[in-house]
Amino acid sequence: MSSGTEAGSGSSARPRLTVLSGPSGVGKSSVLAELRRQGPVHVHFSVSVTTRKPRPGEVDGEHYHFVDRVEFDRMVAAGEFLEHAEFAGNCYGTPKAPVLLALESGTPSLLEIELQGARQVRAAMPEAQLVMLAPPSWEHLVDRLVGRGTEDPAVIERRLEIARDEMAAEKEFDEVVVNADVRSAARDLLNLVVGPVPGISFDRRVARDDPAETQPQER
Ligand code: 5GP
């Protein structure tokens with residue numbers, strides 16, 4: 001099973017596991033793509049296993065390992081996941097071996113997973129760093145999820161419901177990065193994953209429009 005590792009000149013004195021979570025539509029994939037572009041650093045990017053069908057443009061083994069439910073259940077039973085969870089009707093899991101291999105070889109590892117998985121990682125590996133990617137406001141999130149056009153309305157509604165819970169869990173996270181701008185969010189995340197990289201300044205504390213507005217509205 002393959003997983004992406006980017007080689008470069010950066011290094012970390014203290015390899016660690018970083019978990020990036022955040023509500024669906026907040027821009028986790030865009031921030032991670034930008035982070036890879038911003039290298040050079042030595043980071044292991046975990047490739048998750050999912051039972052979800054590929055979206056247009058998604059490549060098996062690169063964006064996800066796409067499997068059926070039988071194979072997913074086999075992997076659960078065999079203890080092959082570091083964490084796994086069901087999200088909006090599909091199963092997702094982080095293969096354990098590549099993450100442990102990366103950390104043992106001194107490479108920081110980055111997982112992009114949802115809240116239940118983040119909690120499982122915290123329980124299994126308390127030293128892991130939990131980072132939440134938050135939208136500048138709730139309206140930004142709704143606009144992005146609807147505008148993405150990859151899900152039908154019922155799925156969008158379900159993902160927004162989950163997003164309310166995910167954002168309410170912000171205090172469980174060690175760090176919050178606000179995705180007001182993809183480039184600075186990626187740079188801030190990179191600093192958290194590998195520590196300060198020469199030539200890249202650190203100004204993670206981007207102000208939100210209004211923190212109160214970021215909280216989901218009561219319905
Ligand atoms: P999507 O279907 O939009 O790619 O992902 C849905 C949600 O599943 C996102 O919040 C994403 O972070 C999360 N996810 C992706 N891979 C994993 C994984 O391996 N484990 C868990 N728990 N969540 C995952």
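Note that this is a predicted model, so its numbers are computed, not measured. Whatever order the structure lists them in is the order used to number ligands and atoms, beginning at 1.
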Q) Quick one: CE on M167 to CG on L115, what's the gap to the nearest 0.5 Å? A) 12.5 Å
(Q) Nearest 0.5 Å, please: how far is CG in L190 from CG in L32? (A) 11.0 Å
Q) Taking any residue with a non-hydrogen atom under 4.0 angstrom from an atom of ligand 1, which ones do you get? A) K28, S48, R52, R55, Y64, E83, A85, F87, Y92, G93, T94, E112, I113, E114, G117, R159
Q: Tell me, please, which residues at least two apart from F87 pass ring pair (Phe, Tyr, Trp, His ring centres under 6.0 Å).
A: none
Q. After noting the C-alpha distance and the side-chain angles of R122 and D174, does the key distance pass the salt bridge (Lys or Arg N to Asp or Glu O under 4.0 Å) rule?
A. CA-CA 11 Å; R122 165 122 296 165; D174 301 308; 2.8 Å; yes
Q.
Can you tell whether the side chains of E127 and R16 come within less than 4.0 Å, N to carboxylate O?
A. no
Q.
Exactly one of E83, Q120, E112 should register a side chain to side chain donor-acceptor pair (under 3.5 Å) with T94. Which one does?
A. E83
